[in-house]
Amino acid sequence: MSQFPTFEVIPAVDVQDGEAVQLVAGERDSGKRYGDPVAAAERWLDEGAETLHLVDLDGAFEGERANADAIEAIVDATGEDVDVQVGGGIRTVEDATSLLDAGVDRVILGTAAVENPEIVEEISETHPESVMVSLDAKEGEVVVSGWTEGTGLDPAEAAARYEELGAGSVLFTNVDVEGQLSGIDREAVERVVDAVEIPVVASGGVTDLEHVSALRESGSAAVVVGTALYEGRFSLSEAMGV
């Protein structure tokens, strides 16, 4: 099955200390908690989600997976008709392939891909199109290690580089607006979309249905939505109908 044959709205289930959480601007202790992550995932499945976006936030900050049990429970709760993409603390080929072999459809690599670009190529050789490279941008620069360290990389240039290495898709997150319900940066998204042929999934700042529509028009293959869904700004079905 090709990735994102039609535009998708993907609910985020970010896990911190075993709970579903949404952070503000990537700040570690800024999260609002939304309870059991499996219950959150099942809610989005009931509302028609075709893909779930799961992030181990503790793993992203600490550099090793910390909420594996919660992530595994969510994967077990999803059917074969729903794609699951997982990120946060995946730093080695072994981490990635074990998740893929356990039923995860895509692994999201951020810090690992920046520090060791060849990891994308190595995983893609055995699991084609399974690597989604996460490019998180702060003030126009790719940042890593839980959004705490700058890299000097331009997101569009980096996206093109990872496409050459075999990445199946790119997740582009604007950390400046993440979790703040303050709006998107469409121009930044379009720069990344224009740089590659592979699907680009946009994330960060989505507040209303107009933002969903704008990202669809930008050429994004999908959009990840967290806070706006959890806070009831719009329903998943409404967003999917844009």
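Values in this document were obtained by computation on a predicted structure and should not be read as measured data.
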Could you check whether any side-chain N or O of E163 sits under 3.5 Å from a backbone N or O of I198, counting only pairs where one atom can act as donor and the other as acceptor?
yes
From L45, V86, V38, residue fulfilling side chain to side chain contact (heavy atoms under 4.5 Å, CB included) relative to I74
V38
State the CG-CD distance between L165 and E118, to the nearest 0.5 angstrom.
6.5 Å
Taking the side chain from Q85 and the backbone from D105, do they hold a donor-acceptor pair closer than 3.5 Å?
no
Within the side chain of R216, is there an N or O that forms a donor-acceptor pair under 3.5 Å with the backbone of V242?
yes
Examine distances only and state if a side-chain atom of Q3 and a backbone atom of E129 form a donor-acceptor pair shorter than 3.5 Å.
yes
Tightest non-hydrogen contact, residues A20 and A40, listed as CB-CB, 4.3 Å
Do R33 and D17 have side chains that approach each other closer than 4.5 Å (heavy atoms only, starting at C-beta)?
yes
Between OG1 of T6 and CE of M240, what distance do you get to the nearest 0.5 Å?
8.5 Å
Ignoring hydrogens and geometry, is there a side-chain-to-backbone donor-acceptor pair from D154 to A156 under 3.5 Å?
yes
On a heavy-atom basis, the closest approach of S235 and L229 is C-CD2, 3.8 Å
Sub-4.5 Å side-chain heavy-atom contact between I90 and I108:
no
Looking at every non-hydrogen atom in both residues, tell me the closest pair between I10 and A222 and how far apart they are.
CD1-CB, 3.8 Å
Does a salt bridge link R43 with E47, judged by any charged N lying under 4.0 Å from a carboxylate O?
yes
So, S218 side chain and L215 main chain: donor-acceptor pair closer than 3.5 Å or not?
yes
Can you tell me how far the CD atom of E238 sits from the CZ atom of R233, to the nearest 0.5 Å?
13.0 Å
Can you tell me how the ring of Y34 sits relative to the ring of Y230, calling it parallel under 30°, perpendicular over 60° and tilted otherwise?
tilted
A side-chain contact here means heavy atoms from C-beta on lying under 4.5 Å apart; do V9 and L236 qualify?
yes
Between D208 (side chain only) and H211 (backbone N and O only), is there a donor and an acceptor less than 3.5 Å apart?
yes
Quick check: do L100 and I123 have side-chain heavy atoms less than 4.5 Å from each other?
yes
Start with the C-alpha distance between I119 and V93, add both sets of side-chain angles, then the distance that settles side chain to side chain contact (heavy atoms under 4.5 Å, CB included), and finish with yes or no.
CA-CA 6 Å; I119 192 174; V93 172; 3.7 Å; yes
Look up atom CD in E72 and atom CG in L99, then write down how far apart they are to the nearest 0.5 Å.
9.5 Å
Closest non-hydrogen contact found for V75 with V84 is CG2-CG1, 4.1 Å
Heavy-atom side-chain contact between V170 and Y162 under 4.5 Å
no
Could you walk me through whether H127 and V107 pass side chain to side chain contact (heavy atoms under 4.5 Å, CB included), step by step?
CA-CA 10 Å; H127 297 75; V107 289; over 6 Å; no
Taking the side chain as everything from C-beta on, heavy atoms only, tell me whether V206 gets closer than 4.5 Å to I184.
yes
Considering all heavy atoms of both residues, which atom of V114 and which atom of P117 are nearest to each other, and what is their separation?
O-CD, 3.8 Å
Closest heavy-atom pair, S169 versus R106, reported as atoms and distance to 0.1 Å, is OG-CD, 4.0 Å
When rounded to the nearest 0.5 Å, the distance separating CG of D83 from OG1 of T78 is 9.0 Å
In a check of side chain to side chain contact (heavy atoms under 4.5 Å, CB included) between L153 and each of V143, L135, V142, which one passes?
V142
Got F172 and D185 here, is their nearest side-chain heavy-atom distance under 4.5 Å?
no
Can a salt bridge be assigned to the pair E115 and R91 using a cut-off of 4.0 Å between side-chain N and carboxylate O?
no
Under a 3.5 Å distance rule, please check whether S98 uses its side chain to pair with a backbone N or O of E94 as donor and acceptor.
yes
Would you check if the side chain of T151 reaches a backbone N or O of E149 as a donor-acceptor pair within less than 3.5 Å?
no
